[in-house]
**Student:** 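Got a structure for you, written out below as structure tokens; questions coming shortly.
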Amino acid sequence: MNTPRRREGPLVLDRPVRSGARRGEPLDRRPRADRARQVADLIRQQLLSAGFDNGVLPDERILAGQFGATRNAVREALDLLRHEGLIDRLPGVGTVVVGHKVPHGLHRLMGLGEVLHEHGTVVNEVRAVGLVRPPDGVARRLGLAMDGSVVYIERLRRLGGLPLSLDLTYITPEAGEPLLHADLERQDIFQLLEQTSGRALGAAELTVEAVNADPHSASVLGVPRGAALLMVERLTHFEDGTPVDLEYIRFRGDRLVMQAGTHRSTANIQNT
């Protein structure tokens with residue numbers, strides 16, 4: 001039987017745990033890059049939750065003690081976070097927080113302005129708006145005729161004057177045409193849809209994935225070509241289940257983090 005031995009940091013075993021197949025290297029023998037990534041994840045969480053007083057990180061020695069890592073691993077972790085634009089090293093001050101991400105909750109169906117109202121005012125630059133023939137995929141998902149029309153709205157959305165997302169929105173003509181002359185610069189589309197239609201929105205199907213910034217998106221959002229973006233595809237329905245709004249939203253991953261709460265249903269698990 002392997003006997004755990006105490007050391008600063010995670011509890012480790014003298015030998016790898018084996019049960020048939022190999023289960024990995026002992027914790028204290030992993031490559032430094034692996035440990036640095038682990039430390040970077042933990043520090044990043046504290047950065048996002050404002051966990052460092054006055055925006056200044058403790059020195060490397062203290063961080064090494066907190067995370068049970070070597071100073072070299074901590075130094076490498078800080079380098080990773082510096083490349084992400086979250087921290088920087090200032091002479092005479094130390095390592096300081098320079099990048100901030102705003103949380104975007106996914107637990108309720110809300111527009112961006114509603115979600116981020118505590119962090120400032122979302123201002124929209126309307127880049128395109130009008131009636132167009134729906135692409136096949138859009139027509140199918142919104143239940144429209146292929147030879148009909150759909151309202152298309154493209155907006156660059158800013159928070160605190162900085163680009164945050166590029167939104168491409170398709171809306172059924174009945175619900176969307178009243179929005180053609182609405183205040184799209186200062187109001188969320190969700191709010192306008194409910195106001196103009198007199199109908200409440202119900203639920204949405206949502207997909208989140210990482211995509212690389214194409215040349216056009218990179219230019220509009222102010223990021224390098226190929227930079228990682230968070231792509232959200234959302235199909236929204238009225239309360240009666242009628243599809244009304246299909247969006248493709250590209251978020252700057254360096255300025256926003258997605259958050260959601262989930263629960264585990266034992267009954268559902270047992271039935272699978």
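Just so you know, residue 1 is the first one in the sequence shown, and it goes up from there.
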**Student:** Between Leu168 and Tyr152, is there a side-chain heavy-atom distance shorter than 4.5 Å?
**Tutor:** yes

**Student:** Glu185 vs Val126, test: side-chain contact (heavy atoms from CB on, under 4.5 Å). Steps then yes/no.
**Tutor:** CA-CA 6 Å; Glu185 295 184 351; Val126 181; 4.0 Å; yes

**Student:** Under the 3.5 angstrom rule, does the side chain of Thr196 hit a backbone N or O of Leu192 as a donor-acceptor pair?
**Tutor:** yes

**Student:** Could you pull out every donor-acceptor pair under 3.5 Å between side chains of residues 131-150 and any protein atom, sequence neighbours left out?
**Tutor:**
from   : atom 1 : to     : atom 2 : distance (Å)
Arg141 : NH1    : Glu233 : OE2    : 2.3
Arg141 : NH2    : Glu233 : OE2    : 3.4

**Student:** Looking at Phe190, is its backbone amide N or carbonyl O close enough to the side chain of Asp188 to form a donor-acceptor pair, meaning the two atoms are under 3.5 Å apart?
**Tutor:** no

**Student:** Atom CG in Leu63, atom CZ in Arg71: separation rounded to 0.5 Å?
**Tutor:** 10.0 Å

**Student:** Atom OG1 of Thr70 and atom CZ of Arg35: how far apart are they, to the nearest 0.5 Å?
**Tutor:** 5.5 Å

**Student:** Give a yes or no on whether a salt bridge exists between Arg32 and Glu76, defined as a side-chain N under 4.0 angstrom from a carboxylate O.
**Tutor:** yes

**Student:** Identify which one of Val96, Thr95, Val56 satisfies the side-chain contact (heavy atoms from CB on, under 4.5 Å) criterion when paired with Leu90.
**Tutor:** Val96

**Student:** Would you say the side chain of Arg234 lies within less than 4.5 Å of the side chain of Leu109, judging by non-hydrogen atoms?
**Tutor:** yes

**Student:** Under 3.5 Å, is there a donor-acceptor pair between the side chain of Ser217 and the main chain of Ala213?
**Tutor:** no

**Student:** For the CG atom of Leu80 and the CD1 atom of Ile43, what is their distance to the nearest 0.5 Å?
**Tutor:** 9.5 Å

**Student:** Got Arg199 and Val244 here, is their nearest side-chain heavy-atom distance under 4.5 Å?
**Tutor:** no

**Student:** Using atom types as modelled and distance alone, determine if a side-chain donor or acceptor of Asp214 lies under 3.5 Å from a backbone N or O of His216.
**Tutor:** yes

**Student:** Taking Leu235 as the starting point, is it possible to reach Ile189 by hopping between hydrophobic residues whose side chains are less than 4.5 Å apart?
**Tutor:** no

**Student:** Among the clusters formed by ILVMFWY side chains lying less than 4.5 Å apart, do Val98 and Leu78 turn up in the same one?
**Tutor:** no

**Student:** With heavy-atom distances below 4.5 Å as the criterion, would you say the side chains of Leu159 and Leu256 are in contact?
**Tutor:** no

**Student:** Measure the shortest side-chain to side-chain distance between Val220 and Arg127 over non-hydrogen atoms and say whether it is less than 4.5 angstrom.
**Tutor:** yes

**Student:** Atom CG in Leu81, atom CG in Asp88: separation rounded to 0.5 Å?
**Tutor:** 12.0 Å

**Student:** Would you call Glu84-Arg44 a salt bridge at under 4.0 Å N-O?
**Tutor:** yes

**Student:** By the side chain to side chain donor-acceptor pair (under 3.5 Å) test, which pairs, at least two apart or in different chains, include something from residues 159-182?
**Tutor:** Arg157-Asp167, Ser165-Asp167

**Student:** For residues Val223 and Tyr248: do they belong to one hydrophobic cluster (side chain heavy atoms under 4.5 Å, members Ile, Leu, Val, Met, Phe, Trp, Tyr)?
**Tutor:** yes

**Student:** Look only at the side chain of Arg255 and the backbone of Pro163, and say whether a donor-acceptor pair between them is shorter than 3.5 Å.
**Tutor:** yes

**Student:** How long is the gap from CE on Met231 to CG on Asn212, to the nearest 0.5 Å?
**Tutor:** 11.0 Å

**Student:** Report whether Ile249 and Leu164 are members of the same hydrophobic cluster (ILVMFWY, side-chain heavy atoms less than 4.5 Å apart, transitive linking).
**Tutor:** yes

**Student:** In the single-linkage hydrophobic clustering (I, L, V, M, F, W, Y; side-chain heavy atoms under 4.5 Å), do Leu246 and Phe238 co-cluster?
**Tutor:** no

**Student:** How long is the span from the CG atom in Leu201 to the CE atom in Met110, to the nearest 0.5 Å?
**Tutor:** 12.5 Å

**Student:** Taking the side chain as every heavy atom from C-beta outward, state whether Ile171 and Leu193 have any pair of such atoms under 4.5 Å apart.
**Tutor:** yes

**Student:** Closest heavy-atom contact between Glu194 and Ala200?
**Tutor:** OE2-CA, 3.6 Å

**Student:** Is any side-chain heavy atom of Leu229 closer than 4.5 Å to a side-chain heavy atom of Phe251?
**Tutor:** no

**Student:** Is a donor on one side and an acceptor on the other found under 3.5 Å between the side chain of Arg155 and the backbone of Leu184?
**Tutor:** no

